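A short worksheet on the structure shown next.
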2 protein chains.
Amino acid sequence: MAQKDTVDRILDAAEALFAERGFAETSLRTITSTANVNLAAVNYHFGSKKALIQAVFVRFLEPLADSLTLRLDDAEAEAKELSLDDLLVLLSKAILSAHGDDVTRTASFMRLLGLAYTQSQGHLRDYLSERYGRVSKRYLDVLRPACPELSDTDLFWNTHFALGAAVFSLSNYGALEAMLSDDSGEESKVQNVIRRLLAFISAGVKISL
Amino acid sequence: MAQKDTVDRILDAAEALFAERGFAETSLRTITSTANVNLAAVNYHFGSKKALIQAVFVRFLEPLADSLTLRLDDAEAEAKELSLDDLLVLLSKAILSAHGDDVTRTASFMRLLGLAYTQSQGHLRDYLSERYGRVSKRYLDVLRPACPELSDTDLFWNTHFALGAAVFSLSNYGALEAMLSDDSGEESKVQNVIRRLLAFISAGVKISL
DNA sequence: CCCGTTTGCAAACGTATGTTTCAAACATCT
DNA sequence: AGATGTTTGAAACATACGTTTGCAAACGGG
């Protein structure tokens with residue numbers, strides 16, 4: 001089929017539109033007309049708007065969880081001690097590689113993650129933490145021995161500070177980039193910001209009160 | 001009058017409801033019934049829902065901007081060099097003191113700030129940056145010489161990483177605190193988290209690529 | 001006390017939304 | 001080819017929303 005499947009076209013449109021306008025601000029009519037699909041198709045294929053939102057997240061997070069699991073398996077197979085920076089790079093590579101190093105789409109999806117946190121969307125938080133709780137817990141378990149000098153409370157808050165820095169800056173990447181004078185190099189700007197972010201996080205996470 | 005003024009009751013209800021559910025997800029009917037006020041009162045006193053949202057932000061940010069300006073005046077009057085940590089403490093004290101050290105309300109309002117960033121709400125971003133651009137620019141101007149070893153690009157990204165860490169963690173403070181085992185000391189937990197946050201930011205901002 | 005203005009209230013209006021319906025088009029299998 | 005199950009399409013439905021209206025009550029200066 002020359003045209004992509006209806007389901008995928010809906011998911012593509014929904015992912016992009018949600019990211020730039022939020023969930024409640026994006027109507028099914030906008031989504032379906034962007035996707036060149038009949039309005040009823042969303043309820044037919046997904047059942048409801050809520051379910052569509054969940055499907056958008058699952059389509060992105062499933063490969064990410066797989067990629068992360070795989071890399072953690074590899075790392076543990078080598079049985080070497082993983083440093084904090086090793087783990088940060090591992091995570092960022094897992095995220096980026098999960099969708100063919102499409103940095104734009106990844107940054108756009110980070111915006112969705114930010115929305116999922118701030119916007120109440122209770123059903124989403126419950127669903128995601130139920131579905132991906134195991135992977136994130138495993139990552140944290142590996143992170144724990146990489147920061148032996150930190151107490152559990154230190155680590156807890158520092159990781160959430162780091163998560164905030166990542167989600168916030170990447171989800172607002174578009175707006176932030178526009179504020180910069182364009183004298184900086186053109187190529188792979190996002191990559192550079194990610195390098196900056198990792199350095200920032202690496203320094204912060206090591207702090208204990 | 002025993003009852004607070006209608007305008008204030010609306011603002012109180014709107015601030016709390018917006019913070020916990022988002023802008024689009026909070027209807028005027030929910031706001032007015034929470035405030036025990038007639039539905040039409042919002043459009044009468046504020047003109048529109050958009051204007052109400054702006055008014056909520058102005059009521060909170062105006063004292064904050066004043067407090068920050070005052071403290072910057074004092075600091076510059078002493079003509080001492082302000083270190084990065086001095087400036088972080090100055091800012092956090094300005095934020096907290098602006099509303100009688102009501103940490104709960106401050107944390108709740110941080111959530112609103114996060115929403116203002118993530119949800120498109122273009123009118124809000126424009127309005128706020130037009131109204132408070134001068135104060136924030138002044139703070140950044142003082143911050144600049146406190147980090148002499150950083151390039152402008154370094155400083156730009158690091159401050160936004162820091163902002164993300166702050167907004168995200170404080171705006172989700174309620175949910176995060178609930179995840180912690182309650183063995184930690186009861187008193188002034190928020191204050192402790194703010195101390196942690198400042199240490200985290202202080203370490204991260206100093207990083208250059 | 002009166003009258004112009006402000007505030008409060010109930011009801012309605014117009015619109016946009018998520019969802020449902022049901023018949024037509026399509027695909028798949030025997 | 002014909003029957004059967006799946007997918008699309010246009011239209012309608014029910015509801016929730018922001019906003020407006022019309023009028024009564026309260027207020028305040030002359």
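Below, read A as the first sequence line, B as the second, and so on, with proteins coming before strands; counting in each chain starts at 1. Bear in mind the structure is a predicted one, so any value in this text is a computation, not a measurement.
- Base engagement by B:Ala40 is indicated by at least one non-hydrogen atom pair under 4.0 Å involving a base atom.
- Atoms CG (A:Asp5) and P (D:dT8) sit 7 Å apart, rounded to a whole Å.
- For A:Ser27, a side-chain nitrogen or oxygen approaches OP1 or OP2 of C:dT17 to under 4.0 Å.
- One can place NE2 of B:His45 at 15 Å from P of D:dT19, the figure rounded to the nearest angstrom.
- The distance from atom CZ of B:Phe46 to atom C1' of C:dT7 is 14 Å, rounded to the nearest whole Å.
- Comparing B:Thr30 and A:Tyr44 by the nucleotide of DNA chain D that holds the closest heavy atom to each, the one mapping nearer the 5' end is A:Tyr44.
- Nearest heavy atoms, B:Ala116 versus B:Leu124: CB-CD1, 4.0 Å.
- If you take CG of A:Leu39 and P of C:dT19, they are 10 Å apart, rounded to a whole angstrom.
- Taking atom CG of B:Asn38 as the reference point, atom P of C:dT6 lies 19 Å away to the nearest angstrom.
- Counted by atom type alone, A:Asp66 and A:Thr69 present zero donor-acceptor pairs between their side chains at under 3.5 Å.
- Rounding to whole angstrom units, CG of residue B:Leu28 and C1' of D:dT19 are separated by 9 Å.
- Here D:dC17 presents its P atom at 6 Å from CZ of B:Arg29, a figure rounded to the nearest Å.
- In this structure, B:Phe168 has its ring center no closer than 6.0 Å to that of A:Phe168.
- A sub-4.0 Å separation between OP1 or OP2 of D:dT7 and a side-chain N or O of A:Thr6 is absent.
- Residue A:Thr26 is classed as a sugar-phosphate contact, given heavy-atom separations below 4.0 Å to backbone atoms only.
- No side-chain donor-acceptor contact under 3.5 Å links B:Arg196 and A:Thr153.
- Between B:Asn43 and D:dG18 there is no side-chain polar atom (N or O) within less than 4.0 angstrom of OP1 or OP2.
- You'll find the ring centres of A:Phe109 and A:Phe57 inside the 6.0 Å limit.
- In this structure, B:Ile10 places its CD1 atom 10 Å from P of C:dC9, rounding to the nearest Å.
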